[in-house]
Amino acid sequence: MKTWWKNSVIYQIYPRSFADSNGDGIGDLNGITEHLDYLEKLGIDVIWLSPVYQSPNDDNGYDISDYQEIMRDFGTMEDFDRMLAEAHKRGIRIVMDLVVNHTSDEHKWFVESRKSTDNPYRDYYIWRDAKNGKEPNNWGASFGGSAWEYDDTTDMYYLHCFSRKQPDLNWDNPMVRQEVFDMMTWWCDKGIDGFRMDVISMISKKPGLPDVQAPEGAYGDCCSAVCNGPHVHEYLQEMNRKVLSRYDIMTVGEAAGVTRQEALKYASLDGKELNMVFQFEHTGITAGEYGKWTDKKVPLIPLKKILNSWQTELEGKAWNSLYWDNHDQPRAVSRFGNDDPAYRELSAKMLAVCLHMMKGTPYIYQGEELGMTNAGFERISDYRDIESLNAYRDYVESGRLDADTMLRYLKEISRDNARTPMQWNDRENAGFTTGTPWIAVNANYPVINAEKALKDSDSIFHFYRKLIALRKQYELIVEGRFQPILEDDEKIYAYERILGNEKLTVACNFTKDTVTCGVFTDVTGEELISNYTEHREGILQPYEARVLLTVH
Ligand code: GLC
Ligand code: CA
């Protein structure tokens, strides 16, 4: 088994917001191709491409109506092939998003399925009769309301864990599995390099589709009935046998509700299922009474506890993926660091050190390498994301939250924070488009943009470049055992990595305070990277991060 994904750094592109080549305000494949040199300079190995398939865009491409066509807004299959070839020429691999827990309701399978109860595609989806004149159970959808949609053609309900335009596929049907495997094979034969599997932990539902815990009359989070279900490992092992194991590709499963115990199965080093999973414990850390919606700050000790346990419990058995943000999360520097201009660069670099020196495969979300910040939207009309818009409607209309509070929460947590256009330069629309962007550009683009970062040798961009280069140079960074230190410190995240006679000591100050830190006192070693040029004995300066290599 080849394991190039272990020493790779992956860069996620959200195509809609990356680069628009034809002035229609929407990023596209040719826009990506035009910027491959930029990514080559950064030094990343792999691009994870968010969905580019044909889609009515109810959820920006995560609702696919044809898996073997390119979304018209993004270009053509020829554009795709050219992008793939140009990426490969630069030694960059392309990992596709695989969204197969559900399709679009405009996919031909679903168009057929809803026609009649005896249609050959009926059983491709999950249909149920009403129960006591209401939905078949009390499951709530991720994007609000019931997870069931009534369809009067056959007087039955279909299941959709996300929007009503994203009906869930019935993975218990072997024909569904075979269709998916054939489609994956088709893409592998085209020469792509892997899959990021959308909510793959949700494909096997609990038999009987039982009610979940919820207050009387309310919908409940259905994760306990759909995440890590009874057949999920069996189906992934079948996928592995029939498709994955036949190609030199990598896989990462987006695994809502995954525990460390479950991750040992999904991402076991024996290679029977996937190479790694995205877990949600650290990004879900501030969730509470209003689901994900909050303006709570991330507390450091619990954050360390979570990430440290993932590091130590998977050691030697499974492989971690490492991420601070993606297209579903607020911007890393705004959430985990400090986007105040005085600390933005320092804290963005500190976060990069903290993540890239851990054991696992690091992911960079487009613009993270520039320290791009949350959108700063003030009005609900600025938002485009279905989840944000539905949540605003649900919470504000029901009176559970007032409009100002909900707007404050959106400003912290909304997925649109990550979806504002990539900031290429200080010209109009940040150089993203010559037209009108589909979502507003962040107002800070004259200060934060790629052109500026490339020219400044001290920029966040060049800092990431250095981190990526270090991973290529030191096996210790890839394979070293992770050992937490200073676990009870409320301001410092520190750990060691150990391999043979080599040791890496990493310490990161997560605050704007000057804090005492003895881990480097009287230690002589080689400094691999730091966001400060001068250190102070026994002290970490605001957001200071240091990495010291010692050999015994
Ligand atoms: C995943 C995607 C997210 C999407 C959802 C439904 O969580 O990352 O963007 O909305 O699945 O497909
Ligand atoms: Ca375009």
Side-chain angles (χ1 to χ4, degrees), residues 12-35 48-53 55-65 67 70-76 79 83 96-105 107 141-144 147 160-169 195-203 222-223 226-227 252-258 277-280 283-284 292 321 323 325-330 363 365 384-391 414-419 421-422 429 431-439:
Q12 183 193 353
I13 290 184
Y14 194 66
R16 208 173 183 75
S17 304
F18 192 65
D20 173 22
S21 71
N22 64 350
D24 66 357
I26 300 173
D28 45 51
L29 293 172
N30 288 341
I32 297 172
T33 308
E34 283 169 16
H35 288 94
W48 150 25
L49 197 59
S50 273
V52 295
Y53 316 93
S55 162
N57 281 311
D58 190 51
D59 185 20
N60 287 355
Y62 282 91
D63 49 318
I64 296 168
S65 54
Y67 291 101
I70 296 297
M71 190 193 299
R72 270 182 296 272
D73 288 341
F74 290 171
T76 63
D79 297 336
M83 181 200 66
M96 302 291 282
D97 219 306
L98 180 81
V99 189
V100 290
N101 171 69
H102 45 268
T103 69
S104 163
D105 65 339
H107 193 287
S142 271
F143 298 157
H160 61 87
C161 288
F162 294 89
S163 92
R164 64 171 65 106
K165 286 184 67 62
Q166 293 167 297
D168 281 54
L169 282 165
F195 297 104
R196 174 268 184 189
M197 303 186 184
D198 194 67
V199 290
I200 202 70
S201 56
M202 292 170 55
I203 57 175
C222 62
C223 194
V226 303
C227 296
V252 51
E254 190 206 19
V258 70
V277 289
F278 290 125
Q279 54 86 15
F280 287 93
T283 47
K292 69 193 282 190
S321 66
Y323 76 100
D325 61 0
N326 59 41
H327 67 294
D328 294 329
Q329 301 291 336
Y363 288 72
Y365 177 67
R384 299 286 176 270
D385 169 32
I386 182 172
E387 181 191 53
S388 305
L389 296 172
N390 287 359
S414 169
R415 307 195 294 181
D416 278 343
N417 285 308
R419 299 177 181 185
M422 179 74 177
N429 294 318
F432 165 71
T433 181
T434 55
T436 308
W438 69 276
I439 187 169

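What you see below is based on every heavy atom in this structure, not just the backbone, and it leaves out hydrogens, waters and symmetry mates. No experiment lies behind these values; they were computed from the predicted model shown. Read the numbers this way: they start at 1 and go in the same order the structure lists the ligands and their atoms.
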**Message:** Please compare Asp198, Val100, Asp328, Asp58 and report which has the shortest non-hydrogen distance to atom 9 (O) of ligand 1.
**Reply:** Asp328

**For Glu254, atoms of ligand 1 separated by under 4.0 Å from a heavy atom** = 1 (C), 7 (O), 8 (O), 11 (O)

**Message:** Need one value: angle at the Ca ion (ligand 2), Asp28 atom OD2 versus Asn22 atom OD1, rounded to 10 degrees.
**Reply:** 90°

**Prompt:** With a cut-off of 3.0 Å, does any N, O or S atom of Gly25 fall short of it relative to the Ca ion (ligand 2)?
**Reply:** no

**Fill in**
For the Ca ion (ligand 2), the nearest N/O/S atom on Asp20 is atom OD1

**Asked** Do any of the N, O or S atoms of Thr433 sit under 3.0 Å from the Ca ion (ligand 2)?
**Response** no

**Request:** If you have a sec, work out which protein heavy atom is nearest atom 4 (C) of ligand 1 and how many Å separate them, to one decimal?
**Result:** Asp59 OD2, 3.3 Å

**Asked** Will you find, in the side chains of Asn30 and Thr33, an N or O donor that is under 3.5 Å from an N or O acceptor?
**Response** no

**Prompt:** Can you list the atoms of ligand 1 that are under 4.0 Å from a heavy atom of Phe143?
**Reply:** 10 (O)

**Asked** Within 45° of the six-membered ring axis of Trp438 and under 6.0 Å from that ring's centre, is NZ or CZ of Arg384 located there?
**Response** no

**Region of Arg196 engaging ligand 1 - heavy atom pairs below 4.0 Å** = side chain

**Message:** Give the atom numbers and elements of ligand 1 that come within less than 4.0 Å of a heavy atom of His102.
**Reply:** 6 (C), 12 (O)

**Request:** Taking Glu254 for its side chain and Asp198 for its backbone only, find out whether a donor-acceptor pair lies under 3.5 Å.
**Result:** no

**Message:** Closer than 4.0 angstrom, basic N to acidic O: yes or no for Arg72 and Asp24?
**Reply:** no

**Under 3.5 Å: donor-acceptor pair, side chain of Ser17, backbone of Met422** = no

**Asked** What N, O or S atom of Asp24 is found closest to the Ca ion (ligand 2)?
**Response** OD1

**Asked** Does the pair Arg415/Asp385 count as a salt bridge with the N-to-O cut at 4.0 Å?
**Response** yes

**Message:** Is the ring pair His327/Tyr365 parallel, tilted or perpendicular, if the boundaries are 30 and 60 degrees?
**Reply:** tilted

**Request:** Take Phe143 and His160 through the ring-ring contact (aromatic ring centres under 6.0 Å, His included) test and state the conclusion after the steps.
**Result:** CA-CA 10 Å; Phe143 298 157; His160 61 87; 9.5 Å; no

**Asked** With a cut-off of 4.0 Å, which atoms of ligand 1 are near a heavy atom of Arg415?
**Response** 3 (C), 4 (C), 9 (O), 10 (O)

**Prompt:** From Asp73, does some N, O or S atom reach closer than 3.0 Å to the Ca ion (ligand 2)?
**Reply:** no

**Complete:** In this structure, CH2 of Trp48 is separated from CD1 of Ile13 (nearest 0.5 Å) by 11.5 Å

**Message:** Using heavy atoms and a 4.0 Å limit, tell me yes or no: is Glu387 in contact with ligand 1?
**Reply:** no

